[in-house]
Structure formats: structure tokens, C-alpha cells
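Scroll down for the structure; my scribbles are underneath it.
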Number of protein chains: 2
Amino acid sequence: MKTYREENYLKAVYQLANHDKSKTVSPTDIANWLEVKPPTVLEKLAILVKKGYVTYNKFDGARLTTTGKDIALNIVRRHRIWETYLYKELKFSWSEVHEIAEQLEHINSDKLIDRIYDVIGNPDFDPHGDPIPNKQGKLPKSDRRPLSQSIKGCKCVVLGVSEHSEVFLNYLTELKIGLNDKLIVEQINAYDDSLKLSTKTKEHILMSAKAAQQILVQCIKPNCACK
Amino acid sequence: MKTYREENYLKAVYQLANHDKSKTVSPTDIANWLEVKPPTVLEKLAILVKKGYVTYNKFDGARLTTTGKDIALNIVRRHRIWETYLYKELKFSWSEVHEIAEQLEHINSDKLIDRIYDVIGNPDFDPHGDPIPNKQGKLPKSDRRPLSQSIKGCKCVVLGVSEHSEVFLNYLTELKIGLNDKLIVEQINAYDDSLKLSTKTKEHILMSAKAAQQILVQCIKPNCACK
DNA sequence: TAATAAAATTAGGTTAACCTAACTATTTAA
DNA sequence: TTAAATAGTTAGGTTAACCTAATTTTATTA
Ligand SMILES: [Mn+2]
Ligand SMILES: [Mn+2]
Ligand SMILES: [Mn+2]
Ligand SMILES: [Mn+2]
């Protein structure tokens, strides 16, 4: 039996591992992520190890086994399908969907997920541009880089965001920057790396480097000099 | 904090009280309903009493307080709205919706419920003909009686079912009897109270008294002699 | 009504999921 | 390279939800 708590632990390990592939996933990381204390995590990790979903030692940290990763990816799949459904069918904003999807991802009905995935047209990406794993846990490819890596004059398209907080998403919405919008990098301030951007609807948007790091884009011109 | 377990206990008390208004709701009734053992129920009842959601003593059994009833009716509301949504929007059959709604009813988002209720057109009844309480917990009126109380020659319309089991609902589906279908009672067997019915699509349906007790109907002719 | 059956209750125990406090090991930084 | 800080671990405790096995009431029924 996988409880929703167990699902959340496995998803946390998956997400932390993916967030920073160079770092190991420590009990403290998981504890902070799930807002519990380290001993609670240790205890749960021991159970997950016994069940064969993760391996753990101090040096490698927590790692998902194949089984564990399958479960985690399935939760991620459900989460992203629900987000897309809420966004497309039920007209929630991209800053609202995450919280509700956190609950809905634990509903146990393959048929329901299949239905809503069908209704939204079997997309590859969710409203934040995150890839939706298929039933086998395979992620669609997409090559994206932070907007902050752009050079002056670059024309690019927004393919996602790496931060999902409501305040950040609402900030983008205010700037009228959304998924698949085209951006032109007009200027880059050498002192603080802030950018001046323009879009179809808005010109001279000033954006901090901090914000630009969270926006994932792809160059439009095939031979663009961006890194 | 109301956990889904607490919500289930309150809903159980509500449903048992409504199923048979003459009987008190005993710990054993609740235990059987929720598939737990009586001591577990006693324990939880003590907590619910302390929280002010129910009263309990051996003679009156468990009774919802005003607060407890409000919570229970809200869960019932969410359940029935989800059932209707699954049925109308996501094309689940009326025998499938209950089980999934049992999970979805605990999703905590008023905005989500409001949205889906809007999408389905703010109906008063769910796919089983059960009334959907409004936000204030008020139930829409409808007067219905078991088909088994019909007299020979009665023309009536199906407004609901009092049993929700998959096997029963699939049986009705096989007979092509659904909500709002018109029935004519052609014959009543005096020995076992079984009925001979006809519908628009099917003639000479033979139905046991047991099944007929679970079908809720309303006479079509205003001066019908049915009890 | 006395015996029997059923329901309610009490006692005591388990497991999952959390916690704090204390201790140990590992970093980091002076 | 030692002191201080941080991270990992162990020990021990709590609460919610379950359980079984008595025990005590409260029906039933012969
Ligand atoms: Mn999300
Ligand atoms: Mn997302
Ligand atoms: Mn139902
Ligand atoms: Mn129903």
C-alpha cells in the first residue's frame, strides 16, 4: 500500500535529485522540503529502504530505486496532468493550479487520469512548461535554458519556469509574460545583470537577474549566439 | 483540522441517521458502515463529542450537532457534485462514479467545487437522483416513493435509486432503466410481489420486489391511486 | 424469568508519523 | 589545526487510528 505520505516522500526525493543533479539528497534536504524534522525523515527512509523504493547512506544520500522512481514519476505525471486540466478545462490560473494538484495527485484512479489526459489532448507539457512523463515514466525532451544566459539581441520563446511560487508567477502574469510568449533581449546591464526586454504586448520590461534565472527559454534563431 | 477520516465519520453518522430515521445510530452501525471495529468508533466518537460535532449516549446513539451536520452536509454536497461531474463531463457510468467520488469528496478547495458545479450547470440532483445540498446545507425537495408501492397500471418516472451498489446499478443499466425513464406497471404478482414492467425501449421486464424497493419513482398522472 | 445472545464498553496493545533532546560525526572557518 | 557550526543519528516520547480480548450491559427467547 502506498499512502499519500509515502508518495510525497518518493516525490520529494525525485524532485530534490532533479533540482540539483550534482548534490546528494540528504535527510535534511527532504526534511526542509516536506516541512518535517530530520529524525522523521530518517525513520521513513528506513521503511522505504526496506520496501525497496530507495537506497540510503550518508555519502550518496537518498536515491530512488527503479521501483521507487517509477512510483515518483507516476505521481509527477498525475500532478502535471491535473495542473494542465485545472488550467485548460477549469480556467484556473497558472499560479493556482499547483496547490490543488498537490491534493489531486493522490487520487487513485488510473481511469480518471486517462480521461482527463484525453480531454486536455494528451499534451507533453504542463502550464509551467514542465514535461509530463508518459505511463512508462519517460519524459518528453525539450531543450531549454535560463533567460539569464541570453546575450543582447537574442530572440527567444518562453518554454517554462523553474520557480513555481505564486508570487513569482503572478509577477510574470503582471508583466504579461506567459508560456510560449516571444521575448527580445534589448539590453543587459553589466553591473547587476538585469535585463531590458520587449514582448509583443509590452516594451522595455526591466527584469532582475534573479527573475531571469527562473524563466526557461529557447532561442528562436537557429544560429543564435546564446550559450 | 478536519481530516478525511473525521469527515468520513461525520458523513457516516449523517447517512445512517437518514437511512432509517426511526433508529438511533449505534457504534456498531458506524463500525459496520466504515468497516472498522466498535472500540475504534467509540474512541473516535469521544473525540467528536469533545469537538462539539456529535452527541452520544447509549440510548439516543450518535447524533450530529448543528456544526457536525453542516460539515457532513458539505461532504455530501462535494460527493454528489463530483459524482455528477464525473458522470456528465467525464463520461463515467453511474455505477462507477461513487467510488471515485469517495476520494474526491475530501479534496479541500471551495473554488474547485464551485467551478465544477458551474460546469455541470448547478443541478439539484446527482446521477443517482440524490439531492445536492446547497452551500447552506439545504436539500432540494423531491417527492419520491419506492416503485414497489405501485399499483397495477401505474405510470411513473424514475427519480432515483436507494441502493448504489455496482451490481444493482449495472442490473438496471442492462434492463435499460435509467434516471428520468418512464415505467408502466403492467402486472403485480400477488405471490411474491414481483412486477411486470414496460418502458419505451423494453417490454415485459420482470422485476423482483427486492429490486423494485430500491427504485424511487413519482407517478406521472396527478390523480394516480398509488400509495 | 432464567439462560442466551448481542451490543457496548474497558483494558491493553500495535503501527505510522510526527516530535524534542542529546549525542556523534563531519564540515567550515578562524 | 583546533574551535565552532552544521548535519546525521539515536533515544525516547506523543497522538491518531486501528486492533483483540475481556467484561459489563442490555436485549431476546425459550
Ligand atoms: Mn506543480
Ligand atoms: Mn507544473
Ligand atoms: Mn455516492
Ligand atoms: Mn449519488
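Side chains included, hydrogens not; waters and symmetry mates left out as well; all remaining heavy atoms used.
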Original post:
Side-chain donor-acceptor pair under 3.5 Å between B:Thr24 and B:Asp60, yes or no?
Top reply: no
Subject >> Donor-acceptor pair between A:His98 and A:Glu102 side chains, under 3.5 angstrom >> reply: yes
Distances for protein N/O vs nucleotides 7-10 of chain C N/O pairs under 3.5 angstrom?
| residue | atom | partner | partner atom | Å |
| --- | --- | --- | --- | --- |
| C:dA8 | OP2 | B:Thr28 | N | 3.3 |
| C:dA8 | OP2 | B:Thr28 | OG1 | 2.1 |
| C:dT9 | OP2 | B:Tyr56 | OH | 2.3 |

Original post:
Taking A:Asp126 for the side chain and A:Asp130 for the main chain, is one N or O donor matched with an acceptor at less than 3.5 Å?
Top reply: yes
Subject >> Under 4.0 angstrom between B:Thr40 side-chain N/O and D:dA17 OP1 or OP2 >> reply: no
Original post:
Between D:dA16 atom C1' and B:Asn8 atom CG, what is the distance in whole Å?
Top reply: 15 Å
**OP:** Round to a whole Å and report the spacing from NZ of A:Lys37 to C1' of D:dG8.
**Re:** 15 Å
Subject >> A:Glu43 CD to D:dT10 C1', straight-line distance once rounded to whole Å >> reply: 11 Å
Subject >> Where at least one partner belongs to residues 116-139 of chain A, residue pairs that pass ring-ring contact (aromatic ring centres under 6.0 Å, His included), sequence neighbours excluded >> reply: A:His128-A:His164
Original post:
To the nearest Å, how far apart are B:Glu35 CD and D:dC18 P?
Top reply: 12 Å
**OP:** In whole angstrom, give the distance that lies between atom CG of A:Leu34 and atom C1' of C:dC19.
**Re:** 16 Å
**OP:** For B:Glu7 and D:dA16, give me the distance from atom CD to atom C1', rounded to whole Å.
**Re:** 16 Å
Subject >> Separation of A:Tyr4 OH from B:Tyr4 OH (nearest 0.5 Å) >> reply: 7.0 Å
**OP:** Quickly work out the A:Lys23 NZ to D:dT6 C1' distance and round it to whole Å.
**Re:** 13 Å
Original post:
Quick one: do the B:Thr40 and B:Glu43 side chains pair a donor with an acceptor below 3.5 Å?
Top reply: no
Original post:
Is the shortest side-chain N/O distance from A:Tyr9 to OP1 or OP2 of C:dC18 below 4.0 Å?
Top reply: yes
